[in-house]
Amino acid sequence: MTDMIELAEKVGDALKSKKLLLSVAESCTGGGICYQLTEIAGSSEWFDCGFVPYSNSAKTEMLNIPASLIAQHGAVSEEIAAAMAEGALANSEAHVAISTTGIAGPGGAVPGKPVGTVCFGWRVGGITHTERKVFSGDRHAVREQTVAHSLNKLLRYVEEI
């Protein structure tokens, strides 16, 4: 857990140095990213808010994602991860956003999307980046790897702008 706190501190320092506010939209991590970030004293200087739209209807209501887009691509898709990141920005005061949507397990797998499948979105510098990964391990391990990966990539994207 110390490594996660150090990572969250680095993210916070990078955001603060660029005068950026972050919003997070996380489904499969259930607030885990927000938790890690707000463990850092002074995080209110660079963390705006978090959304935890776990259900499809919550994604539509909270982040303005069309139900037709979810029906077309499935909730666990790069298209929905992108829409979640963009929706987090549109519904906050933030400048950058992270999103996660996935299948942490132990159930929920569908053809082409095994347990451990996670789709990510990062909206940084006016560009939306997405990625799909498949993590191994139990539910806790998948969620922990998801939090770490989302923060590592955000740090890289913020440092590049």
Side-chain angles (χ1 to χ4, degrees), residues 1-66 69-70 73-104 116-135 142-161:
M1 197 55 81
T2 302
D3 291 342
M4 197 72 77
I5 289 172
E6 289 173 8
L7 176 57
E9 286 174 339
K10 288 179 183 177
V11 167
D13 290 343
L15 291 166
K16 188 175 173 182
S17 75
K18 305 263 182 168
K19 297 181 175 24
L20 297 172
L21 278 176
L22 172 67
S23 66
V24 177
E26 50 185 317
S27 184
C28 65
T29 45
I33 297 169
C34 293
Y35 174 81
Q36 289 302 327
L37 294 171
T38 58
E39 277 289 285
I40 308 306
S43 57
S44 61
E45 293 182 57
W46 45 265
F47 181 75
D48 185 43
C49 65
F51 301 88
V52 185
Y54 218 67
S55 69
N56 290 346
S57 62
K59 288 173 181 67
T60 298
E61 293 168 21
M62 296 171 73
L63 301 175
N64 308 321
I65 299 173
L69 190 67
I70 297 171
H73 298 286
V76 179
S77 64
E78 288 184 66
E79 291 83 0
I80 298 306
M84 288 174 67
E86 292 162 2
L89 283 187
N91 291 285
S92 71
E93 298 296 319
H95 310 103
V96 298
I98 298 172
S99 67
T100 63
T101 182
I103 305 166
T117 301
V118 179
C119 293
F120 298 86
W122 298 271
R123 179 87 177 159
V124 181
I127 300 169
T128 302
H129 307 271
T130 63
E131 185 175 11
R132 179 183 187 267
K133 292 190 74 67
V134 179
F135 296 114
V142 168
R143 289 164 53 120
E144 194 169 78
Q145 291 169 84
T146 300
V147 171
H149 184 71
S150 66
L151 293 176
N152 273 308
K153 285 292 272 260
L154 176 67
L155 181 59
R156 192 182 100 208
Y157 289 133
V158 168
E159 289 175 340
E160 289 176 355
I161 59 171

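Position 1 is the first residue of the sequence; numbering continues from there.
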Where [X] and [Y] come nearest, the two heavy atoms and their spacing:
| X | Y | result |
| --- | --- | --- |
| S77 | T101 | O-CG2, 4.0 Å |
| S23 | A94 | N-CB, 3.4 Å |
| L155 | A14 | CD1-CB, 3.7 Å |
| A88 | A25 | CB-CB, 4.0 Å |
| G125 | I161 | CA-CG2, 4.4 Å |
| I40 | I5 | CD1-O, 3.7 Å |

[X] (side chain) donor-acceptor with [Y] (main chain) under 3.5 angstrom:
| X | Y | answer |
| --- | --- | --- |
| E26 | G31 | yes |
| D48 | L21 | no |
| K133 | T117 | no |
| T60 | I65 | yes |

Side chains of [X] and [Y]: does their closest heavy-atom pair fall under 4.5 Å?
| X | Y | value |
| --- | --- | --- |
| I127 | Y157 | no |
| K19 | H95 | no |
| L37 | S43 | no |
| I33 | Q36 | no |

CD of E160: more than 12 outside heavy atoms within 6.0 angstrom?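 Atom CD in E160 is packed in, count exceeds 12.
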
Roughly how far, to the nearest 0.5 Å, is [atom2] of [Y] from [atom1] of [X]?
| X | Y | atom1 | atom2 | answer |
| --- | --- | --- | --- | --- |
| E61 | L63 | CD | CG | 10.5 Å |
| Y54 | K59 | OH | NZ | 8.5 Å |
| H129 | K153 | NE2 | NZ | 9.0 Å |
| L151 | R156 | CG | CZ | 14.0 Å |
| C28 | F120 | SG | CZ | 7.0 Å |
| C34 | E39 | SG | CD | 12.0 Å |

Show your reasoning for whether side chain to side chain contact (heavy atoms under 4.5 Å, CB included) applies to F51 and S99. CA-CA 9 Å; F51 301 88; S99 67; over 6 Å; no

Indicate the ring-plane relationship of H149 and F135, choosing parallel, tilted or perpendicular according to the 30° and 60° boundaries.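 Taking F135 first and then H149, their aromatic rings stand perpendicular (interplane angle over 60°).
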
Go through the steps to decide whether C119 and T130 satisfy the test side chain to side chain contact (heavy atoms under 4.5 Å, CB included), and finish with yes or no. CA-CA 7 Å; C119 293; T130 63; over 6 Å; no

Could you go through the side chain to side chain contact (heavy atoms under 4.5 Å, CB included) check for V96 and W122 one step at a time? CA-CA 7 Å; V96 298; W122 298 271; over 6 Å; no

Does a donor on one side chain sit under 3.5 Å from an acceptor on the other, for T29 and T100?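 T29 vs T100: donor-acceptor pair found between side chains.
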
Mind running side chain to side chain contact (heavy atoms under 4.5 Å, CB included) on L22 and V158 for me, showing each step along the way? CA-CA 11 Å; L22 172 67; V158 168; over 6 Å; no

Listing request: all side-chain hydrogen bond (donor to acceptor under 3.5 Å, both in side chains) pairs with a residue in residues 7-16, at least two apart in sequence or in separate chains.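 Sorted pair list: K16-E45.
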
